[in-house]
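From a predicted model like this one, the values you see are computed outputs, not experimental measurements.
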Amino acid sequence: MKITLKDGSVREYDAPKSVYEIAADISERLARAACAGEVNGERKDLRTVIDSDCELSILTANDKGGLTVLRHTASHVMAEAVKRLFPEAKLAIGPAIDEGFYYDFEAEPFSREDLDKIEAEMKKIIKEGKELKRFTLPRDEAIQYMKERQEPYKVELIEDLPADAEISFRDQGDFVDLCAGEHLMSTKGVKAFKLISSSMAYWRGDEHKARLQRIYGTAFGKKEELKEYLAQLEEAKKRDHNRLGREMELFATVDVIGQGLPLLLPNGVKVIMKLQRWIEDLEDREWGYVRTKTPLMAKSDLYKISGHWDHYRDGMFVLGDEETDKEVFALRPMTCPFQYYVYKNAQRSYRDLPYRMGETSTLFRKEDSGEMHGLTRVRQFTISEGHNVIRPDQAEEELKNCFELAYYILSTLGLQDDITFRLSKWDPENKEKYLGDEAYWNKTQAALRDVLVEKGVPFVEADGEAAFYGPKIDIQAKNVYGKEDTMVTIQLDCEIAEKFDMYYIDKNGEKVRPYIIHRTSLGCYERTLAWLIEKYAGRFPTWLCPEQVRVLPISDKYEEYAQKVRKELFENGIDVTCDSRSEKIGYKIREARLAKVPYMLVVGAKEAEDGTVSVRSCYEGDEGVKPLDTFIEQICKEIRTKEIREIKPQEDNNK
């Protein structure tokens with residue numbers, strides 16, 4: 001048989017060989033580093049026997065696929081360590097993930113001290129260098145095998161498999177686990193690893209099922225890579241909006257109010273108000289939107305027309321019971337069906353289209369409690385939502401306009417380098433989840449794909465990520481820990497107008513069904529605030545800051561001049577405060593820096609006499625003495641143009 005390697009060279013063998021044996025034949029060094037093989041583009045275990053011509057790549061920890069296998073093996077090593085230290089723990093699942101791996105256990109919560117003990121035990125297991133052996137059992141025998149080992153979660157997983165399935169296991173000596181994935185040859189291959197944290201998780205992500213304990217860890221091929229990752233993780237913790245947003249008094253959460261229902265504090269409200277006013281003015285004055293304000297709830301009748309009742313009811317907060325109540329209401333999960341009736345309020349001509357409706361919408365979605373996280377995953381949120389009713393011949397141009405508006409907004413916020421693009425398509429294997437037939441989906445998906453291609457942005461296509469009524473362009477971003485969320489979405493819907501009897505009068509006086517574009521220009525304000533906190537580590541561009549300037553009198557003698565400065569700044573629309581406390585100026589400056597105020601104006605005798613201010617900023621440090629009028633002119637321009645100034649490293653000279 002002929003084996004074509006990654007570099008194009010060909011090796012011939014007259015008998016079947018495993019991937020590992022071929023790696024060893026190439027070089028012993030490669031065999032030691034090998035994590036898996038890629039046979040004709042499909043990842044395979046090192047033990048996989050090849051008996052026919054194929055293309056083969058040997059994957060190491062330098063390859064994404066190889067690193068995944070290393071991390072998967074690390075999760076099994078961790079599971080064995082947990083079972084050694086906590087024999088009563090029950091095993092659930094333990095996959096590799098983008099940033100490392102995790103394993104879920106039915107156990108008491110793990111402390112940091114517990115994780116340290118588990119790490120130490122993992123090192124012992126790795127040093128033992130146990131070979132990982134694969135064996136299989138018929139389904140019934142596999143169920144009995146795991147029942148005897150008292151692993152109920154593994155039993156449930158096996159019972160969900162087909163009756164004729166062959167169940168695979170991994171035996172690493174004193175520990176056996178259910179596993180269908182690829183593994184290293186032995187535990188010795190796991191060298192650079194770290195257990196990061198533990199948290200509660202629900203079995204199969206269902207809040208109605210068992211509460212489990214999840215341990216997160218990571219692993220790399222080299223210690224230097226692990227060290228670099230841990231340093232990045234420490235930086236991420238410093239930027240984590242969940243911590244920083246609370247420290248800056250932007251938001252808070254309260255148990256008696258509920259998960260996913262954050263309180264936006266005055267500072268956070270101010271940031272969102274600035275974003276909201278900007279977006280609304282931009283849409284209405286420059287992009288031709290009309291502003292609507294629609295109810296926060298509606299009768300179930302509305303959602304039955306739109307299809308949400310059938311396709312999205314589990315994600316809605318329903319008020320009432322259809323069995324006992326005359327009317328059942330639900331809090332709205334989106335604004336679209338409400339805005340359709342704004343459109344229908346008057347008869348529209350083809351000349352009236354596109355008819356663009358924008359709304360700052362408060363929405364409600366019944367997220368699982370285990371999914372709640374700070375401001376990024378909440379149950380009540382506000383969104384820059386809009387629906388554009390268009391003629392079919394306007395679809396291409398209007399989709400481009402929606403894309404350009406969103407990209408302009410993200411660029412103005414300095415976020416353009418942090419985004420990726422996804423074409424979210426239907427899942428043709430589960431057609432019952434969607435409205436419309438295959439031809440409809442092919443047409444609408446092609447229209448959105450054309451926009452992305454014309455705009456020249458790299459994008460991926462994802463099956464099963466579409467809304468039930470149409471495909472989407474999703475603009476994605478990752479948080480500081482690498483978790484990806486959708487920030488902006490643009491959707492094309494060619495079916496819904498029929499359900500709501502929406503039409504316009506064409507040139508011939510005939511009624512014609514319009515298309516609908518569902519879109520956001522910024523997306524969820526709460527999630528965007530979280531994104532901005534992490535992007536700028538709390539040091540927002542000046543125009544967004546809740547406090548843009550703090551005036552710092554050197555002593556009480558200059559309080560009058562400090563208040564005069566504050567008043568002039570305030571009258572020019574600048575968010576300014578005055579620190580009049582009887583504290584040393586160095587202390588006041590440090591306090592202002594900790595509060596992440598972009599500008600500090602120090603005033604004393606010389607400044608009061610000359611009508612100047614001594615400017616210190618988070619951007620340059622000491623910017624020198626400036627006439628007050630000059631400073632006001634400069635900061636007003638910075639705010640008006642939404643300038644993003646670079647923050648340069650500075651030494652604290654006020655210690």
Side-chain angles (χ1 to χ4, degrees), residues 276-296 298 301-303 305-308 332 334-361 363 383-409 435-436 440 443-444 446-448 450-451 454-455 467 469-473 488-523:
Q276 181 180 325
R277 288 168 178 167
W278 172 50
I279 296 296
E280 289 179 354
D281 285 347
L282 187 65
E283 289 181 343
D284 300 354
R285 295 184 180 185
E286 299 183 31
W287 290 82
Y289 283 76
V290 296
R291 192 114 320 248
T292 70
K293 185 173 178 62
T294 56
L296 300 182
D301 306 53
L302 178 71
Y303 305 116
I305 297 171
S306 66
H308 289 100
R332 63 181 184 183
M334 58 281 296
T335 313
C336 41
F338 298 85
Q339 286 194 330
Y340 298 155
Y341 284 96
V342 173
Y343 175 84
K344 283 168 59 70
N345 189 59
Q347 183 166 281
R348 313 288 176 181
S349 159
Y350 70 95
R351 295 188 182 91
D352 298 321
L353 305 188
Y355 189 74
R356 307 181 183 103
M357 295 172 284
E359 182 164 337
T360 303
S361 308
L363 306 178
I383 194 168
S384 61
E385 196 168 14
H387 296 88
N388 300 8
V389 185
I390 60 174
R391 303 192 308 264
D393 64 284
Q394 295 171 325
E396 181 180 354
E397 188 66 24
E398 198 65 12
L399 286 168
K400 291 178 192 173
N401 287 343
C402 292
F403 183 94
E404 288 171 4
L405 172 59
Y407 193 82
Y408 169 77
I409 288 169
L435 301 178
Y440 165 75
K443 177 180 71 172
T444 51
L448 295 181
D450 288 346
V451 172
E454 181 169 328
K455 292 300 175 185
Y469 48 77
K472 305 181 291 178
I473 292 174
V488 174
T489 184
I490 301 166
Q491 308 167 21
L492 179 60
D493 187 342
C494 305
E495 290 279 311
I496 202 71
E498 180 77 29
K499 287 180 172 289
F500 282 89
D501 191 26
M502 297 169 68
Y503 63 87
Y504 63 90
I505 305 300
D506 70 5
K507 293 179 181 179
N508 302 317
E510 301 291 330
K511 292 182 178 180
V512 180
R513 299 294 183 200
Y515 289 175
I516 313 291
I517 296 175
H518 308 245
R519 48 101 272 176
T520 55
S521 51
L522 177 66

Mind checking what makes salt bridge (charged side-chain N to carboxylate O under 4.0 Å, His left out) contact with Arg391, not counting sequence neighbours? Asp393
For Tyr289, what residues pass the side chain to side chain donor-acceptor pair (under 3.5 Å) criterion, not counting sequence neighbours? Asn388, Arg519
According to side chain to side chain donor-acceptor pair (under 3.5 Å), who are the partners of Lys443, at least two apart in sequence or on a separate chain? Tyr515
Taking only residues two or more places apart in sequence, or in another chain, which ones meet Glu404 in a salt bridge (charged side-chain N to carboxylate O under 4.0 Å, His left out)? Lys455
Short question: side chain of Thr520, backbone of Glu385 - any donor-acceptor pair under 3.5 Å? no
Residues forming a side chain to side chain contact (heavy atoms under 4.5 Å, CB included) with Asp352, sequence neighbours excluded: Arg348, Ser349
What pairs meet the salt bridge (charged side-chain N to carboxylate O under 4.0 Å, His left out) rule with one or both residues in residues 495-506, with sequence neighbours excluded? Glu498-Arg513, Asp501-Arg513
Sorted by chain and residue number, the side chain to side chain donor-acceptor pair (under 3.5 Å) partners of Tyr469 (sequence neighbours excluded) come out as Gln491
Not counting sequence neighbours, which residues clear ring-ring contact (aromatic ring centres under 6.0 Å, His included) with Tyr408? List them please. none
Would you please test Arg356 and Glu283 for salt bridge (charged side-chain N to carboxylate O under 4.0 Å, His left out) and show each step? CA-CA 9 Å; Arg356 307 181 183 103; Glu283 289 181 343; over 6 Å; no
Quick one: list whatever passes salt bridge (charged side-chain N to carboxylate O under 4.0 Å, His left out) with Asp284, sequence neighbours left out. Arg291
Who pairs with Phe338 by ring-ring contact (aromatic ring centres under 6.0 Å, His included), at least two apart in sequence or on another chain? none
Applying side chain to side chain donor-acceptor pair (under 3.5 Å), can you list everything that pairs with Thr292, at least two apart in sequence or on another chain? Gln339, Glu359
Return the set of residues passing side chain to side chain contact (heavy atoms under 4.5 Å, CB included) with Glu286 (not counting sequence neighbours), or none when no residue passes. Leu282
